[in-house]
Student: 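I'd like to ask some things about the structure below.
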2 protein chains.
Amino acid sequence: MHSSSPLEVIGSDKREQILQGAMQVFLSQGYASTSMDRVAAAAGVSKQTIYSYFQDKQGLFTALIERVTIDRMQHIFRAEELSDEPELLRYFAESFLQKMADPEFLSLLRIIISESARFPELASLYTRTVIQRGRSILTDYFQRHPELRIADPEATAQIFCGSLISFLIAQEILYGKEVAPLAGDRLVNALVTLFLDRTSPHPN
Amino acid sequence: MHSSSPLEVIGSDKREQILQGAMQVFLSQGYASTSMDRVAAAAGVSKQTIYSYFQDKQGLFTALIERVTIDRMQHIFRAEELSDEPELLRYFAESFLQKMADPEFLSLLRIIISESARFPELASLYTRTVIQRGRSILTDYFQRHPELRIADPEATAQIFCGSLISFLIAQEILYGKEVAPLAGDRLVNALVTLFLDRTSPHPN
DNA sequence: GTCTATAATCAGATAGAC
DNA sequence: GTCTATCTGATTATAGAC
């Protein structure tokens, strides 16, 4: 650990290469169905090279998922500072839905759920970063907007985020797109309406 | 098939026995990590007996999941006729949450998501029975209650069911119970409030 | 019909050449 | 440091005894 190129900070190149290959295979095949041979082939290195960078299959998988989880979390909530405009509820829903609809994020969500029993610490990490984060942003927003008359900001934030996530699971993972299609626009409209109509009672 | 214990009526006994064993192992270990040896041991039969009732591992898994899906669906929506009382929204949420919180249902949901790529037809069946069913019950309800001013009943029904399902995923599968606990009562209250407050504007 | 024993394949992990 | 070749054990599926 004393070899001293100035830019060594970025971590080893081969390690990155292995993680890239591992990502392709693990995210599409799942943990148990992924063989180290396929990871080696996808990464373009030999198996022994993988074992020199990672202790075993579990170690590789854990390192990979931890990294992808942190990456995705930062990407989704990057500078997502909710200002105080009322239309920001809609903006949050739209951008949340759009960002989480990318294949890599959906694969991550699927594998986190799949392996939640075998790797509870990964599921817990996911909950603490992605889910908790989204919930607390909205909780803060509801607390700063008493005119929305949200009695329980935390539970309501869970409802808001949860309806978006389960929409993605149903449509994109469980083939709802083909079986019972529902446009994302309609979901966002219905969701925002549910909240915004509370400020101005209907003219009746 | 001529051994004649009086209780032989229940359809092939061995087939049922195999499915029971398969359920234990598949639902807890997932598809790829389940070996036919363990299924045989759990069912108390030999491997060859399994192969005489089912074509192969995929065939056994498919038959099992199809049956469990239909079973659970009928159990959850049994006589769940939504009458027209307004408090039925709360009753629906409570009973939905309670029935879906049982371990067998959660394991089924988890494995359906896990294997959605390898067994798309199982995911599609799940969507058509469980998800579509819940959504359409609520869609009908919203359509029969125009005083709730639901512009898009279908999308709104998806939001209602979705927030319940994702709550279970977060709390029960992704260790939210330990990391960021949130009581079911609070979720149901917040959810119902969101809908019922729309009928009677606030006194302001 | 059901079991024991076995075939053929493939997995994760390691040893040793360069 | 990286690769080729290999070991050990487990897996799916089948053949043949009773």
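In what follows, chains carry the letters A, B, and so on, assigned in the order in which the sequence lines appear, proteins first and then strands, with residues in each chain numbered from 1.
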Student: With sequence neighbours left out, which residue pairs that include part of residues 103-127 of chain B fulfil the ring pair (Phe, Tyr, Trp, His ring centres under 6.0 Å) condition?
Tutor: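 Qualifying pairs, neighbours excluded: Tyr31(B)-Phe119(B), Phe61(B)-Phe119(B).
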Student: Scan residues 162-183 of chain B for pairs that pass ring pair (Phe, Tyr, Trp, His ring centres under 6.0 Å), counting only residues two or more places apart or in two chains.
Tutor: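 Sorted result for residues 162-183 of chain B: empty, none.
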Student: Could you pull out all residues at least two apart from Ala22(A) that satisfy side-chain contact (heavy atoms from CB on, under 4.5 Å)?
Tutor: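 Partners of Ala22(A) under the side-chain contact (heavy atoms from CB on, under 4.5 Å) test: Phe26(A), Val39(A), Leu60(A), Leu64(A).
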Student: Please enumerate all residues that pass ring pair (Phe, Tyr, Trp, His ring centres under 6.0 Å) together with Phe54(A), with sequence neighbours excluded.
Tutor: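 Ring pair (Phe, Tyr, Trp, His ring centres under 6.0 Å) check on Phe54(A) returns nothing, list empty.
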Student: Each nucleotide in nucleotides 4-18 of chain D should get exactly one letter: B, S or -. Can you fill that in based on protein heavy atoms under 4.0 Å?
Tutor: B------SBBBB---
Student: Specify the separation, in whole Å, of atom CD of Gln17(A) and atom P of dG1(D).
Tutor: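 Those two atoms, CD and P, are 16 Å apart.
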Student: So, OP1 or OP2 of dG1(D): does either fall under 4.0 Å of a side-chain N or O from Tyr53(A)?
Tutor: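 No, because none of the side-chain N or O atoms of Tyr53(A) sits under 4.0 Å from OP1 or OP2 of dG1(D).
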Student: Ser46(A): what forms a side-chain contact (heavy atoms from CB on, under 4.5 Å) with it, not counting sequence neighbours?
Tutor: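 Checked Ser46(A) against side-chain contact (heavy atoms from CB on, under 4.5 Å); matches are Gln48(A), Thr49(A).
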Student: Can you tell me the distance, in whole Å, between the CD1 atom of Ile50(A) and the C1' atom of dA11(C)?
Tutor: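 Atom CD1 in Ile50(A) sits about 14 Å away from atom C1' in dA11(C).
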